[in-house]
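Encoded as structure tokens, the structure appears first; notes follow it.
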Amino acid sequence: MNILLAGAAGQLGNELYPLLSAAGQVTAADVNPASSNASRCLKVDLGNAGQLENLLNRYTPDLIVNAAAYTAVDRAEADRELAFLVNEKMPGRMARWAARNDCSLIHYSTDYIFDGRSDRPYRESDTPAPLNVYGESKLAGERAIEDSGCRSVILRTSWVYSAHGNNFVLSMLKLARTHPQLRIVDDQMGCPTWARNLALATQHVIQHGLLPAEPGCNVYHYSDRDAVSWFEFASLVFDTGVQLGLLDRAPRHVPIDTDGYPQAAIRPKYSVLDTSAIQAKGFHPLPLKASIEACMKGITIDE
Ligand SMILES: NC(=O)c1ccc[n+]([C@@H]2O[C@H](COP(=O)([O-])OP(=O)(O)OC[C@H]3O[C@@H](n4cnc5c(N)ncnc54)[C@H](OP(=O)(O)O)[C@@H]3O)[C@@H](O)[C@H]2O)c1
């Protein structure tokens, strides 16, 4: 199988590369390939229609795994055009190429397509109502894929972290080293998801026939087990950081409301995803605490 891994230098892309390499011949691409762990990562601006088309026509993948995205949630508020180019137009073009060329597509979306007003975990069939530009652009990407008529799976996930890249775990470790006291939002709930576990869910999609055999799009929610607030997530990171010798001590940390930490993008208060559908297909969410520990063992002190 010929696989195109788009976004190979991102958190998820780096975790996908070794797993996909065991499944087929992988072509890795990213706009900034420097931080990719692929043996060779092509520098391609996949948002550029010509560059994308050339890449696809040259490598003719049987499967596109699209981990490329515009993920700067706050910046997207002022950068709407680029967010929609990368999160809507680019996957739309990939999906239409896939439909024309007998190729399948695996794509990722987000809990931020929901408004967070639910009183139970979100199911795949719940009505999206994004609160911010990032969520709007990701929802538009889902629709472009659904409209393309290709064979696709969309995995919606939440609060992704890894040992490298831009994420909450590394931000908290950095802040903990420089600030004696931190104020952390305690009234937004979600399920932090280790990028490696999302990569394993992707491997399951490929190996267990979750991609449709006929044109159509299967949507699944995958996030790791155990819902927490950002404050509770940070507490786990500090405790684990001390345990692993990444921190001398945990900083004093204080729970605050969202109002006390104004950000450009509005976030949903509750973005827990119901993962029963993927569980029914044999993939079970991995536990939060063990995943954080395993991930943080891969962090070096200067990260
Ligand atoms: N991170 C989260 O908390 C989170 C939560 C829910 C869902 N998701 C979804 O999960 C998926 C994986 O996210 P992630 O955290 O792995 O994201 P990430 O670390 O930001 O990786 C995305 C990669 O795509 C690259 N990219 C952006 N624009 C590109 C372009 N025009 N051409 C080629 N490459 C481009 C990025 O490069 P640059 O970094 O140089 O821009 C980056 O290497 C995404 O679909 C995301 O929307 C993420």
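Start at 1 and go down the list; that is how both ligands and their atoms are numbered. Only this structure's heavy atoms are used, side chains among them; waters, hydrogens and symmetry mates stay out. Along the sequence shown, residues carry numbers from 1. Everything quoted here is computed from the prediction, not taken from an experiment.
- Within ligand 1, counting atoms from 1 as listed, the ones closer than 4.0 Å to a heavy atom of T110 are 6 (C), 7 (C).
- In this structure, atom 39 (O) of ligand 1 is not in close contact with the protein, since no protein heavy atom lies within 4.0 Å of it.
- Ion pairing between a basic and an acidic side chain is recognised when a charged N comes within 4.0 Å of a carboxylate O; E293 and K289 show such pairing.
- If you check the side chains of N66 and H107, you find a donor sitting under 3.5 Å from an acceptor.
- Not a single heavy atom of Y112 sits closer than 4.0 Å to an atom of ligand 1.
- Remark: among candidates L16, L155, V160, the nearest residue to atom 2 (C) of ligand 1 is V160, based on non-hydrogen atoms.
- Aromatic ring orientation, Y270 versus Y122: tilted (interplanar angle from 30° to 60°).
- The ring of F168 has its center no closer than 6.0 angstrom to the ring center of W159.
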Exercise for the section: Show your reasoning for whether salt bridge (charged side-chain N to carboxylate O under 4.0 Å, His left out) applies to R143 and E88. Expected result: CA-CA 8 Å; R143 301 247 154 97; E88 179 195 24; over 6 Å; no
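- The closest heavy-atom contact to atom 37 (O) of ligand 1, among the options N32, T71, D30, D111, comes from D30.
- Residues L52 and V44 form no side-chain contact, since every pair of their non-hydrogen atoms from C-beta on lies 4.5 Å or further apart.
- Closest protein heavy atom to atom 29 (C) of ligand 1: V31 CG1, 3.8 Å.
- Below 4.0 Å from some heavy atom of V86 lie the following atoms of ligand 1, by number and element: 28 (N).
- Every atom of ligand 1 is numbered from 1 in the order shown, and the set under 4.0 Å from a heavy atom of V44 is 32 (N), 33 (C).
- The shortest N or O to N or O distance between L12 and ligand 1 is under 3.5 Å.
- For R252 and Q181, the side-chain atoms include at least one donor-acceptor pair closer than 3.5 Å.
- Annotation: atom 21 (O) of ligand 1 to nearest protein heavy atom, G10 CA, 3.3 Å.
- Between the side chains of E15 and S162, not a single donor N or O lies within less than 3.5 Å of an accepting N or O.
- When each atom of ligand 1 is checked for a heavy atom of A67 under 4.0 Å away, the hits are 12 (C), 22 (C).
- For atom 11 (C) of ligand 1, the nearest non-hydrogen atom of the protein is Y108 CB, 3.7 Å.
- Annotation: atom 19 (O) of ligand 1 to nearest protein heavy atom, Q11 N, 3.0 Å.
- Under a hydrophobic clustering in which Ile, Leu, Val, Met, Phe, Trp and Tyr are joined whenever their side-chain heavy atoms come within less than 4.5 Å, directly or via other members, L105 and I3 fall into different clusters.
- The shortest contact between atom 44 (C) of ligand 1 and any protein heavy atom is with A69 CB, 3.5 Å.
- Counted by atom type alone, N197 and D224 present one or more donor-acceptor pairs between their side chains at under 3.5 Å.
- Any N or O atom pair closer than 3.5 Å counts here, and G13 shares no such pair with ligand 1.
- For the pair N66 and ligand 1, no heavy-atom separation below 4.0 Å is found.
- With respect to the salt-bridge test (charged N to carboxylate O, under 4.0 angstrom), the residues D187 and K269 qualify.
- Using a non-hydrogen distance threshold of 4.0 Å, Y70 does not register as a contact of ligand 1.
- Among the atoms of T157, none of the N or O lies under 3.5 angstrom from an N or O of ligand 1.
- In this model, no donor atom of one side chain and acceptor atom of the other lie less than 3.5 Å apart for N57 and Y59.
- Salt bridge status for E53 with R100: present, with a side-chain N to carboxylate O gap under 4.0 Å.
- Applying the 4.0 Å criterion to heavy atoms of S109 picks out, from ligand 1, the atoms 7 (C).
- Close approach of ligand 1 to K138 is summarised as follows: ligand atoms under 4.0 Å from at least one heavy atom of the residue are 44 (C), 45 (O), 46 (C), 47 (O).
- Looking from atom 32 (N) of ligand 1 to the surrounding protein, the closest heavy atom is L46 N, 2.9 Å.
- The nearest protein atom to atom 46 (C) of ligand 1, hydrogens excluded, is given as Y134 OH, 3.6 Å; this is a heavy-atom distance.
- Under the 6.0 Å cut-off for aromatic ring centres, Y70 and F84 do not qualify, their centroids lying 6.0 Å or more apart.
- Considering backbone and side-chain atoms together, A68 places no N or O closer than 3.5 Å to any N or O of ligand 1.
- Here the heavy atom of the protein found nearest to atom 31 (N) of ligand 1 is D45 OD1, 2.9 Å.
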